[in-house]
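Inspection log for the structure reproduced underneath, given as structure tokens.
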There are 2 protein chains.
Amino acid sequence: MKVSESKKKDASTEEKIKTAAKTVFYKKGFTATRTRDIAEEAGLNLALLNYYFRSKAKLFEIIMTETFVGFIDSIKVILNDEKTSLEQKVEIIAERYIDFIIKEPEIPVFILTEIRNNPEGLLKRLPIREIINESVFIKQFLTAVEKKEITESNPLHFLMNILGLVVFPFIAKPIIMGSRNLETEAFNDLMRERKKKIPIWIKAMFTVA
Amino acid sequence: MKVSESKKKDASTEEKIKTAAKTVFYKKGFTATRTRDIAEEAGLNLALLNYYFRSKAKLFEIIMTETFVGFIDSIKVILNDEKTSLEQKVEIIAERYIDFIIKEPEIPVFILTEIRNNPEGLLKRLPIREIINESVFIKQFLTAVEKKEITESNPLHFLMNILGLVVFPFIAKPIIMGSRNLETEAFNDLMRERKKKIPIWIKAMFTVA
DNA sequence: AACTTTTTTAATCAAATGATTAAAAAAGTT
DNA sequence: AACTTTTTTAATCATTTGATTAAAAAAGTT
């Protein structure tokens, strides 16, 4: 059964497969997707997957890496912008990530479950430690702590709270929608509200009153 | 006849299977676990799973329901306690859930991914809407809003924020551990810190300064 | 002890699934 | 057009996996 219609009509076969693979992998994860699901989603013969990508695992590898790198790189740029303050960085992260996840709502759960299934493999290849610990963000944070502008000295709590407020509602989306009988658009409106609220909340949490 | 003894014997094998099934299902999810994994984990013959539970799906169903109901019921009791204030409820939720998830760290991702895989099936059977909307918690929240003690009028934001702050770090555990080279115990210490911090943060976010 | 019922085991089945193959079709080259 | 290379298809393979079966073993009953 088709999960959704393929996006591009004149895409090359390779691109059709990648697009279909993304759709299905995002929704079901690696183990639960069958190569036949992807072939059907792409409207192509099953053997073409192996012709172009050698195996299900190789195809997944490509999708996974692209997705993960895209996700990490965008936060990397924000965290390292010398021209924005800590406060502005929070605003930008909330704004950009909420918009991004509204467009690609399956990605957070996809990333988190695939990391669970294979923590070493993925995390070793991605320099998360360096991205966080050597960022302009961390320097700004430590300076603010020094100046007593911030009441929490551990940057991990700061980051976990921002990401928790931004990402968690999307992960719990079915529960939240079920709790109030919301449609997807009402849910998205609720998320868009949070783009303005989260920076205010974060400020209230961490700033000296 | 010795009913208790024979039942105990039955329960022993049955319990072994359930315990093993929990372990494996929590870690890998329904599709990715093979019945052979469960049999091996339990140290039992494969056919016994079907002898006692008819099928993999039925066994999963039981585990899933027990887990889910346990999770929901415990929050239900907290949300409906007439004797605790809103502020105390936040403290209790943070305290209890952080302790609970430290003991069973696989449960949040398990619940969230299985809901993704089968949203209707699960949510229709569990009266989440009633639990939230008819709770003492909601009444207390609305009263506080009325009295202008709380600056956010939508209880969903309140709930999402509490759960986001409590649950998200566990979901992102591998990333967080990787970001600072933490061992599990250092991670758990970080989470235990949050039992005290989260109520303070929530208060700062939502209370008039 | 003799018999019945319950539980466990080893062997096997049938369907699902990732992958391959050989041939056909299409595209590209001379 | 004649030939070569690339792409696509249908058929099939081999393995995995959930489930079943028939017989053995254990437990319970008389």
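No experiment lies behind these values; they were computed from the predicted model shown.
- Looking at B:Phe30 and B:Lys56, their side chains come closer than 4.5 Å, going by heavy atoms from C-beta outward.
- If you take CG on A:Leu165 and CZ on A:Arg194, they are separated by 6.0 Å, rounding to the nearest 0.5 Å.
- Residues forming a salt bridge (charged side-chain N to carboxylate O under 4.0 Å, His left out) with A:Lys139 (at least two apart in sequence, or on another chain): none.
- Residues B:Met205 and A:Ile200 form no side-chain contact, since every pair of their non-hydrogen atoms from C-beta on lies 4.5 Å or further apart.
- By the 30° and 60° cut-offs, the orientation of the rings of A:Phe110 relative to A:Phe60 is perpendicular.
- Taking the side chain as every heavy atom from C-beta outward, B:Ile72 and B:Ile128 approach each other to under 4.5 Å.
- Backbone-only contact: A:Tyr52 has heavy atoms under 4.0 Å from sugar-phosphate atoms and none from a base.
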Once base and sugar-phosphate atoms are separated, protein heavy atoms under 4.0 Å mark nucleotides 9-25 of chain C, 5' to 3', with B, S and - as BB------BBBBB----

DNA chain D in dot-bracket form (Watson-Crick or G-U pairs under 3.5 Å, [ ] crossing, | inter-strand) is ||||||||||||||||||||||||||||||

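- With ring centers used as reference points, B:Phe71 lies under 6.0 Å from B:Tyr97.
- Salt bridge absent: B:Glu134 and B:Arg129 never bring a charged side-chain N and a carboxylate O closer than 4.0 Å.
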